[in-house]
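Take a look at the structure set out below.
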Amino acid sequence: MKTRKGYKTYPLTVAQKFHNYYARYCPGKEILNVGTSLTIEAELNLDELRKAIYKAYDRCESMRARLAYDKKEEEWYQYIVEKEDREIEFVDFTGRTMEEAEQEMTAWTRVPFDREDIPMNRVVIIRTPDGFEGIYIVGDHRFLDAQSLIGFLKDVIELYCSANFEGIPYPADMRSYTEQVEKDLAYEAGSRAQERDRAYFRRLIEESEPIYNGIEGPGKLQEARKLTGNPNLRAAPTGSDSFAAAIDIFHLEEEPTRRLMTFCERQHVSLQCLLIMGIRTCLQKLNQCDDISMQIAYARRATLQEKKSGGTRIHCFPFRTMLPQEKTFLEGIFEIRDKQNEVFRYVNFNPAEYLSYRSQCYNPPRGMGYETISLTYQPATLREKGLVDLGDIRYKTKRYCNGYYSDGLYLTVMHRPEDNGLDFSFEHQTRAYSREQLEYFYYYICKIMFKGVETPNMKIGDIIKLI
């Protein structure tokens, strides 16, 4: 397929195809939806806000994307329309409860974008019962990830403020989505960089088989060993028999968050490294095992072109650490930092090929794997650059659950706009984990991180004994 409705078409990238892969097995295609609202404690000019949204559409190609299916090739393609002129609705929730408003926006999040030639997102201007005003957005994950979502929302607000307030500059241009897609497709077409990345990950995989570690201990692994009759089995079920999902959020206050951030700044490590250290040490304690694997989401937005081109760029890879208890907490973090810096050079590679090759090497039973949790740390916030000019105007963001998740447990850690504290957002299959289980896990992750930050030269084993 070369053109559709007069527009040039492009194959889907590896990052987009990954979403097609898991959606194929889910009973509801809304599993691909990402829903969020951003509201500000201010009275907005709704006509001017609508103009800013249309202008943001003009500036962001990926938000004007459409899908087309080639029946002969049995492949999906994408193309970009020239203009987004559909109606942008206004919904006033005044007189209703916040719970009712959130229920309706959750319902919007559960309407899939599962047809050809339709917009792959929906934007609604909203007024919430608490008097805040702003926008709700839901988009298909094949064209939207956390960073591109934040980028679009930020662009809308900066465009609005530039047009309506003195002294706020017009935001810098976005970058071309289609140019970035072409770069990704060139890499995927058998480039030397792809061969280098393939060799790196195959070498990692071939070193040895990982082992499953559960958030409540080795129970699932022991059950899997009994079920298969293999006392040496190293894999276990990572999810449940149902895709039905919920999101449970736990809030870390501003002051303790600042302590964690200060430690990271002093030690020249990212908060992601500290989070990995906290999670893997918690799993190490609960399973009495030094060999810990988890899935890490890599945003792949190192260049300005990648940061400002929109779309979805996340690749997830297993990240394995073997830290003996004799090492200090700080030594463990430095080892994680160095390994993360190494892995990041190769993350353009196809994660599906990685997992397929690992399965060929170790042949785990169907439906079983090694990683009990996936982690995303989202450092980007709406408080950056242009939005600082808004001063002390309060604003809020809210995620809405699409009702499904493809695996057991996904932790997203983000900064709250109100106070820059951290929200630990656990998206999970409801048959796999309860809120109480996750709260217990979160509690111990935090205990480990704070004990490590306070006594970074303490041995890992001593921290495990103390908490």
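Nothing here was measured: the structure is a model prediction, and the numbers come from that model.
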Side-chain heavy atoms of [X] within contact of [Y], under 4.5 Å:
| X | Y | answer |
| --- | --- | --- |
| V14 | H315 | yes |
| R86 | P119 | yes |
| I249 | F426 | no |
| T312 | L144 | no |
| K183 | Q305 | yes |
| T36 | V138 | no |
| I296 | S374 | no |
| V156 | R59 | no |

Gap separating the [atom1] atom of [X] from the [atom2] atom of [Y], nearest 0.5 angstrom:
| X | Y | atom1 | atom2 | result |
| --- | --- | --- | --- | --- |
| K51 | N164 | NZ | CG | 8.5 Å |
| Y410 | Q295 | OH | CD | 9.0 Å |
| R300 | D145 | CZ | CG | 9.5 Å |
| I314 | Q16 | CD1 | CD | 12.5 Å |
| L38 | L153 | CG | CG | 5.5 Å |

Around [X], counting heavy atoms of other residues, nucleotides and ligands shown, do more than 12 lie under 6.0 Å from its [atom1]?
| X | atom1 | answer |
| --- | --- | --- |
| F344 | CZ | yes |
| Y170 | OH | yes |
| K29 | NZ | yes |
| E255 | CD | yes |

Q.
Whether the side chain of R258 engages the backbone of E253 through a donor-acceptor N/O pair (distance < 3.5 Å, no angle test) should be reported.
A. no

No-hydrogen, no-angle side-chain donor-acceptor test under 3.5 Å, [X] and [Y]:
| X | Y | answer |
| --- | --- | --- |
| E61 | S176 | yes |
| E342 | Y346 | no |
| D423 | S425 | no |
| H428 | D248 | yes |
| D407 | T238 | yes |
| Y177 | Q78 | yes |
| E75 | Y69 | no |
| S240 | Y405 | no |
| Y377 | H415 | yes |
| T321 | R280 | yes |
| Y298 | Q340 | yes |
| R142 | N20 | yes |

Q: Take F143 and M63 through the side-chain contact (heavy atoms from CB on, under 4.5 Å) test and state the conclusion after the steps.
A: CA-CA 7 Å; F143 295 96; M63 293 296 287; over 6 Å; no

Between [Y] and [X], does any NZ, NE, NH1 or NH2 come within less than 4.0 Å of an OD or OE carboxylate oxygen?
| X | Y | answer |
| --- | --- | --- |
| E254 | R416 | no |
| K5 | E82 | no |
| D184 | R313 | yes |
| E158 | K154 | yes |

Q: Output, in order, the C-alpha distance, side-chain angles, deciding distance and verdict of salt bridge (charged side-chain N to carboxylate O under 4.0 Å, His left out) for R192 and D197.
A: CA-CA 9 Å; R192 289 179 65 184; D197 299 348; over 6 Å; no

Q. Under the side-chain contact (heavy atoms from CB on, under 4.5 Å) test, which residues partner S406, sequence neighbours left out?
A. Y22, I31, F243

(Q) Among I157, L49, T39, L44, which residue satisfies the side chain to side chain contact (heavy atoms under 4.5 Å, CB included) criterion with I135? (A) L49

Q: Indicate the ring-plane relationship of F317 and F201, choosing parallel, tilted or perpendicular according to the 30° and 60° boundaries.
A: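 Ring orientation of F317 relative to F201: parallel.
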
Q. Y57 and F152: aromatic ring centres closer than 6.0 Å?
A. yes

(Q) When you measure from the centre of the six-membered ring of F349, is the NZ or CZ of R198 closer than 6.0 Å and no more than 45° off the axis? (A) no

Q: Tell me whether the guanidinium CZ or amine NZ of K396 lies under 6.0 angstrom from the six-membered ring centre of F132 and within 45° of its axis.
A: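 Yes; both conditions hold, so K396 lies above the ring face of F132.
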
Q: Just do the side-chain contact (heavy atoms from CB on, under 4.5 Å) check on I150 and M414 with the steps written out, would you?
A: CA-CA 12 Å; I150 287 172; M414 297 183 72; 4.2 Å; yes

**Q.** Least distance between heavy atoms, E30 atom then Y404 atom
**A.** OE2-CE1, 3.3 Å

Q | Nearest heavy atoms of G278 and M449, plus distance in Å | A | CA-CG, 3.8 Å

Q | Verdict with supporting geometry, L46 and E133, side-chain contact (heavy atoms from CB on, under 4.5 Å) | A | CA-CA 9 Å; L46 301 187; E133 295 182 355; 3.9 Å; yes

Q | Intermediate values then yes/no, ring-ring contact (aromatic ring centres under 6.0 Å, His included), Y442 and F424 | A | CA-CA 8 Å; Y442 162 75; F424 287 70; 5.0 Å; yes

(Q) For R358 and E353: C-alpha separation, side-chain torsions, deciding distance, then whether salt bridge (charged side-chain N to carboxylate O under 4.0 Å, His left out) applies. (A) CA-CA 9 Å; R358 190 173 70 171; E353 184 178 331; over 6 Å; no

(Q) Using side-chain contact (heavy atoms from CB on, under 4.5 Å), reason through M120 and R66 one step at a time and then give a plain yes or no. (A) CA-CA 6 Å; M120 300 307 291; R66 305 288 191 269; 5.6 Å; no

Q: Given salt bridge (charged side-chain N to carboxylate O under 4.0 Å, His left out), test R175 with E306 step by step and report yes or no.
A: CA-CA 8 Å; R175 297 301 178 95; E306 291 167 346; over 6 Å; no

(Q) Given Y79, which partner from the list D117, T3, T178 fulfils the side-chain hydrogen bond (donor to acceptor under 3.5 Å, both in side chains) test? (A) D117

